[in-house]
Structures are given as C-alpha cells and as structure tokens.
Amino acid sequence: ARVPRGAEPDVLDFLLRHAPRLDDWERDVIATIRDEATYFAPQRRTKIANEGFACWIHGQIINGLQLDTAEFMEYNRLNAEVTQPHPLAVNPYNLGLALWQEVERIHDRPTAEEAERFPAAGDPALSGRERVLELAATMDDAALVASYLTPGVCEGCHLFAWERQS
C-alpha cells in the first residue's frame with residue numbers, strides 16, 4: 001500500500017520511497033532537503049537551551065575576569081543588546097538565559113514549594129552552578145521550559161499578553 005495507515009513522521013522519506021513519478025533530479029532535491037532538515041533538527045530542539053547556556057556561561061567567565069569598570073560596562077552594553085526581550089517575539093537568548101538563571105537560583109535558594117518539586121534543590125552537595133552544568137548536557141528546550149518556566153521568568157522575559165477589560 002502506498003498510503004500510510006497512520007501518521008508518517010518523515011514525509012520527505014515517504015515521498016522518496018513511494019512517489020513513482022519523481023524524476024531523478026527531483027528525488028535528489030528532496031533527499032538533499034531531507035538530509036539538511038535531519039542534520040539541523042537537534043539544533044532546533046535546543047535553540048533556547050543552547051543560546052541561553054552560552055549567555056549564562058559567558059557571564060560566568062566575565063564575572064571571573066574582574067574587568068575594570070569601562071570593560072565591564074562595554075560587556076554589559078553588548079550583552080544587553082543580545083539578551084533583551086523582543087516585542088511580539090521570543091528572544092531565545094533572553095529566555096534561555098533566564099531559564100538557566102532560574103535553575104541556578106532554584107538549586108541555590110529554593111522556596112519551600114520548589115524544594116518539594118525539585119528534590120535536589122537546596123542540597124549543599126550540588127550547587128546551582130553545578131546543576132546548570134549537569135542539566136545543560138541533557139535538556140532540550142521542551143524539557144527546560146516544562147521544568148523551569150516559572151511566573152517570574154515569564155514576567156522577566158515579557159512572555160505575557162494582555163488586553164483591556166471593559
């Protein structure tokens with residue numbers, strides 16, 4: 001049967017396997033598009049986590065350098081341009097940085113509710129910084145957002161919509 005019985009997660013592969021009227025050059029184009037999409041899929045699943053982690057680790061390095069005031073102000077100016085919230089769009093640098101900062105805060109200074117939700121939170125054997133490094137190796141955007149998107153992060157990143165009530 002040429003028509004799949006259920007959902008087909010890889011539509012381009014389905015076309016390559018079951019489209020008899022495709023010319024060779026058309027097959028080559030579809031195969032190239034599929035290969036590129038497959039190659040870039042992990043980056044799409046970790047855009048927020050990776051960009052935020054890069055900003056977080058950059059901040060860790062800069063803070064350790066003990067820059068003079070002029071250098072520190074220049075870093076802050078450039079960093080603010082990258083990490084500021086965007087109107088009507090999610091800035092992955094901004095959201096990712098806020099999420100990793102939230103991970104660090106929760107594991108260093110959890111509220112009672114957070115300590116209950118995250119059993120490792122507040123454990124002196126694992127600092128928030130160490131927890132960020134541990135999670136950055138394994139979490140994709142969906143897991144990071146599902147676990148650490150708090151009302152405070154939403155407010156800080158301007159992730160809300162409002163309308164005037166009459």
Side-chain angles (χ1 to χ4, degrees), residues 1-61 79 81-108 110-111 113-121 123 126-163:
R2 291 178 195 243
V3 178
R5 293 180 187 266
E8 182 70 37
D10 190 342
V11 174
L12 296 177
D13 183 56
F14 178 81
L15 287 174
L16 289 171
R17 288 184 286 121
H18 299 289
R21 293 189 187 121
L22 289 178
D23 289 335
D24 287 344
W25 72 268
E26 293 170 315
R27 250 177 234 296
D28 288 344
V29 169
I30 291 172
T32 300
I33 292 169
R34 181 180 178 275
D35 289 347
E36 286 191 23
T38 302
Y39 176 81
F40 286 111
Q43 286 89 339
R44 284 193 301 275
R45 288 192 302 269
T46 58
K47 176 80 173 166
I48 292 167
N50 287 347
E51 302 303 3
F53 182 73
C55 293
W56 181 85
I57 203 74
H58 193 198
Q60 300 287 310
I61 292 167
N79 190 54
E81 290 176 8
V82 172
T83 61
Q84 68 183 336
H86 293 167
L88 305 176
V90 173
N91 176 350
Y93 297 87
N94 172 264
L95 179 56
L97 175 60
L99 288 166
W100 290 122
Q101 288 171 335
E102 189 72 347
V103 170
E104 187 174 27
R105 183 200 61 76
I106 286 171
H107 289 279
D108 282 342
T111 64
E113 181 182 322
E114 291 164 344
E116 188 175 309
R117 181 172 175 207
F118 300 99
D123 181 352
L126 184 69
S127 72
R129 182 179 193 276
E130 292 167 325
R131 186 65 174 151
V132 168
L133 295 172
E134 180 181 277
L135 292 177
T138 60
M139 283 198 136
D140 64 8
D141 290 351
L144 183 63
V145 168
S147 298
Y148 292 97
L149 185 65
T150 62
V153 170
C154 289
E155 188 174 324
C157 294
H158 303 275
L159 300 178
F160 51 86
W162 62 274
E163 63 183 43

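Quick caveat: nothing in here was measured; it's all calculated off a predicted structure.
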Do side-chain atoms of [X] reach the backbone of [Y] as a donor and acceptor pair under 3.5 angstrom?
| X | Y | value |
| --- | --- | --- |
| R117 | S147 | yes |
| D140 | T46 | no |
| E130 | S127 | yes |

Does atom [atom1] ([X]) have a neighbourhood of more than 12 heavy atoms from anything else shown, all under 6.0 Å?
| X | atom1 | result |
| --- | --- | --- |
| Q43 | CD | yes |
| D24 | CG | no |
| E155 | CD | no |

- CD1 (I61) and CH2 (W56) are apart, to the nearest 0.5 Å, by 10.0 Å

- Task: Could you grab the distance from atom CG of L12 to atom OG1 of T38, nearest 0.5 Å is fine?
- Result: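 Answer for the CG-OG1 pair, L12 versus T38, is 8.0 Å.
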
- Task: May I have all residue pairs that pass salt bridge (Lys or Arg N to Asp or Glu O under 4.0 Å) and include part of residues 81-97, sequence neighbours excluded?
- Result: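 Applying salt bridge (Lys or Arg N to Asp or Glu O under 4.0 Å) to every pair that reaches into residues 81-97, excluding sequence neighbours, yields R77-E81.
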
- Quick one: which residue pairs count as a salt bridge (Lys or Arg N to Asp or Glu O under 4.0 Å) with a foot in residues 35-53, not counting sequence neighbours?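 Residue pairs passing salt bridge (Lys or Arg N to Asp or Glu O under 4.0 Å), neighbours aside: K47-E51.
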
List the atom of [X], the atom of [Y], and the distance in Å for their closest heavy-atom pair.
| X | Y | answer |
| --- | --- | --- |
| R21 | E26 | O-OE1, 4.1 Å |
| P85 | G156 | CG-O, 4.2 Å |
| V153 | Y148 | CG2-O, 4.0 Å |

- Task: Could you give me the CA-CA distance, side-chain angles and deciding distance for V103 and L144, then say whether side-chain contact (heavy atoms from CB on, under 4.5 Å) is met?
- Result: CA-CA 9 Å; V103 170; L144 183 63; 4.1 Å; yes

- Of all residues at least two apart in sequence or in a different chain, which pass the side-chain hydrogen bond (donor to acceptor under 3.5 Å, both in side chains) check with N91?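 Partners of N91 under the side-chain hydrogen bond (donor to acceptor under 3.5 Å, both in side chains) test: H86.
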
- Mind checking whether F14 and H18 have parallel, tilted or perpendicular rings, split at 30° and 60°? tilted

Indicate every side-chain donor-acceptor pair of residues 132-139 with a distance under 3.5 Å to a residue at least two apart or in another chain.
residue: E134; atom: OE2; partner: R131; partner atom: NH1; Å: 2.1
residue: T138; atom: OG1; partner: L135; partner atom: O; Å: 3.4

Determine all donor-acceptor pairs shorter than 3.5 Å in which one atom belongs to a side chain in residues 93-101; sequence neighbours excluded.
residue: N94; atom: ND2; partner: T83; partner atom: O; Å: 2.6
residue: W100; atom: NE1; partner: A49; partner atom: O; Å: 2.9

- Message: Apply salt bridge (charged side-chain N to carboxylate O under 4.0 Å, His left out) to residues E102 and R105 and explain how you reach the verdict.
- Response: CA-CA 5 Å; E102 189 72 347; R105 183 200 61 76; 3.0 Å; yes

- Message: Tell me every residue that passes salt bridge (charged side-chain N to carboxylate O under 4.0 Å, His left out) with R17, counting only those two or more places apart in sequence or in another chain.
- Response: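 With neighbours one apart ignored, the set is E8, D13.
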
- Would you sort out whether Q60 and E104 count as a side-chain contact (heavy atoms from CB on, under 4.5 Å), showing the intermediate values? CA-CA 12 Å; Q60 300 287 310; E104 187 174 27; 4.1 Å; yes

